[in-house]
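To start, the structure under review is shown below, and the notes come after it.
Just so it is clear, the structure is predicted and the values come from calculations on it, not from any experiment. Hydrogens, waters and symmetry mates play no part in the numbers below; they use all other heavy atoms, side chains included.
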Amino acid sequence: MNVIPFFIGIVFIMLHLMANKLLPTERMKQIVWFSFSGGLAVSYVFVYLLPTLHQEQVNIADKYRALAMESEIYFIGLLGVVIFVGIQLIVRRNIVSHTSSFWVAVAFYTFYNALISFTVLSVDVSGVQAVFYSFAIGLHIIAVAHDMYREFPDEYSHKGRYILAGGIVVGWIFALTLELNPLIKAIVFAFISGAMIFNVFKNELPNDKEIHYPTFVIGVFSYTAITMSLKFFFEW
């Protein structure tokens, strides 16, 4: 039995429960941390997410040639961006109330976490490849947790982090017990990719006043170099 999915699932859960304890408390160290994490996330988008989206579109075109165009998967990704932006507006502007905004954010991010967990753990990768790609997702989870904590510190600490970790468990269970149609998997991947791409560029990248550029560049090129090397040597 492949133990990698179990290991990754447990790590994702623990990251949500302990994210704020893992982050440095000093401002300069936080800037360095988020600069490196943001650089790594940008690299992940360009060397994995976008090429994989393209491959999913090609697979759909090959299998459903009579119906497929050249942009269905990208439209689903765009839909993920639109929905994510709408949820962000509801949460940040407290359109109804602070408490209602918190529960809207919890509901959405729990669903988001379930889809991320399902996508990562259900793809046909194992060993070093699975761990390496999951490392980028792990840092993304920390960024999501920090964003929630920043908006709702008390509510997130007492309730939110456990519910969001539960979303990872749900996605984990579905990934290990369900075998979805490849087209459905492609749609799920495209939707979550769109939401993730927006989240990376809007929330994970520090603004120009807070970014530590050398660390950001190190994050981008170190992850890119390792990914491209592993792809070359192991033909990922």
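- Interatomic distance, CD of Glu204 versus OG of Ser35, reported as 12.0 Å (0.5 Å rounding).
- Applying the 6.0 Å contact sphere to CZ of Phe201 captures more than 12 heavy atoms from other residues, nucleotides or ligands.
- The side-chain contact (heavy atoms from CB on, under 4.5 Å) check on Val106 picks up Phe102, Trp103, Thr110, Met148, Ile163, Leu164, with sequence neighbours excluded.
- Here the CZ-CD1 distance, from Phe36 to Ile211, works out to 13.0 Å after rounding to the nearest 0.5 Å.
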Checklist entry - How far apart are the C-alpha atoms of Phe152 and Tyr156, what are their side-chain angles, what is the distance that settles it, and do they pass the ring pair (Phe, Tyr, Trp, His ring centres under 6.0 Å) test? => result CA-CA 6 Å; Phe152 310 98; Tyr156 179 78; 9.1 Å; no

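- Shown here for Met196 and Tyr112, the closest heavy-atom pair between the two residues is CA-OH, 3.4 Å.
- Not one N or O on the side chain of Ser117 forms a donor-acceptor pair closer than 3.5 Å with the backbone of Asn113.
- In summary, Lys185 and Glu179 engage in a salt bridge, as defined by a charged side-chain N under 4.0 Å from a carboxylate O.
- Between the Arg161 side chain and the Leu17 main chain, a donor and an acceptor come within less than 3.5 Å of each other.
- Phe108 and Phe84 have their aromatic ring centers within a separation under 6.0 angstrom.
- Residues passing the side-chain hydrogen bond (donor to acceptor under 3.5 Å, both in side chains) test with His212 are Thr215, sequence neighbours excluded.
- Closest approach of Leu53 and Ala190 over heavy atoms only: CD2-CA, 3.6 Å.
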